Every structure is written in structure tokens, then in C-alpha cells.
Amino acid sequence: MKFFNVVASFLMAAMVALTLSACAPTATKEGTGGYIDDTVVTTKVKAQLLKDESLKSTEINVETFKGKVQLSGFVSSPQMANRAVAVTRSVPGVRAVVNNMQIK
């Protein structure tokens with residue numbers, strides 16, 4: 001009976017350890033906290049782009065991974081693309097900006 005309890009306890013501890021390690025971040029996958037942080041950064045960037053009246057920000061897509069923000073979509077001129085990048089860089093939590101916007 002004691003042997004069964006020891007084995008059951010070991011298996012339960014192993015299962016808990018595996019479950020917790022599945023939530024850990026890796027180089028290509030974020031943990032839960034990082035995902036939430038990136039969601040907040042994305043929301044802040046979108047809000048700042050919407051506030052800027054010179055940009056048609058509804059045509060700009062924003063994606064964030066570990067603080068690196070990627071802007072894609074369409075803008076009317078290179079100046080508008082530069083403005084969107086500048087606005088994005090001003091948002092707290094943005095570590096880098098990748099400009100994949102296209103000029104229409």
C-alpha cells in the first residue's frame with residue numbers, strides 16, 4: 001500500500017511539472033504573461049494610430065511578438081509610413097518596429 005502511494009505521488013508530481021512546463025516561454029513561443037503584455041502593446045499602438053488624424057489607420061495591421069511590433073497594410077505615401085512607425089515607436093513597451101507597409 002505504501003509503495004502504491006509513493007508511485008501515485010510521483011506520477012502526480014510529474015504530471016503537475018509537465019503541465020507547468022508547457023506554459024513556459026521559448027524562443028519561438030510566448031508564455032501566458034508575455035502574450036498578455038503583447039496584447040496590451042498592440043492595443044496601445046492601435047489606439048495611438050487611431051488618434052493620429054493624418055493616418056488612415058484602419059488600413060494598418062498591427063502584430064506584436066515579444067515587444068517587436070510589425071506594421072503591415074497600406075498607406076498613401078512613404079511619409080505616412082514613416083509617421084506610423086514614429087507613432088508606434090512612441091508607445092511604451094515597443095522594443096522594435098518592423099515596417100511591412102505598402103504604398104498604394
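Numbering of residues begins at 1 and proceeds along the displayed sequence. It should be emphasised that the depicted structure is a prediction, and the values quoted were computed from it without experimental measurement.
Hydrophobic clustering (ILVMFWY, side-chain heavy atoms < 4.5 Å, transitive): I103 and M101 are in one cluster. Linking Ile, Leu, Val, Met, Phe, Trp and Tyr residues whenever their side-chain heavy atoms come within less than 4.5 Å leaves L55 and L50 in two separate clusters. In terms of hydrophobic clustering, with Ile, Leu, Val, Met, Phe, Trp and Tyr side chains grouped at heavy-atom distances under 4.5 Å, F65 and V62 are assigned to different clusters.
For L71 against I60, the heavy-atom pair with the smallest separation is CD2-CG2, 4.2 Å.
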N/O donor to acceptor pairs below 3.5 angstrom from side-chain atoms of residues 88-96, sequence neighbours left out:
{"from": "T88", "atom 1": "OG1", "to": "A84", "atom 2": "O", "distance (Å)": "2.8"}
{"from": "S90", "atom 1": "OG", "to": "V87", "atom 2": "O", "distance (Å)": "2.6"}

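Between T64 and the options V40, V41, D37, a side-chain contact (heavy atoms from CB on, under 4.5 Å) holds for only V41.
Every residue two or more places apart in sequence or in another chain that forms a side chain to side chain contact (heavy atoms under 4.5 Å, CB included) with N61 is listed here: S72.
Atoms OG1 and CD, on T42 and Q70 in that order, are 10.5 Å from each other to the nearest 0.5 Å.
The closest donor-acceptor contact from the side chain of D38 to the backbone of G67 lies under 3.5 Å.
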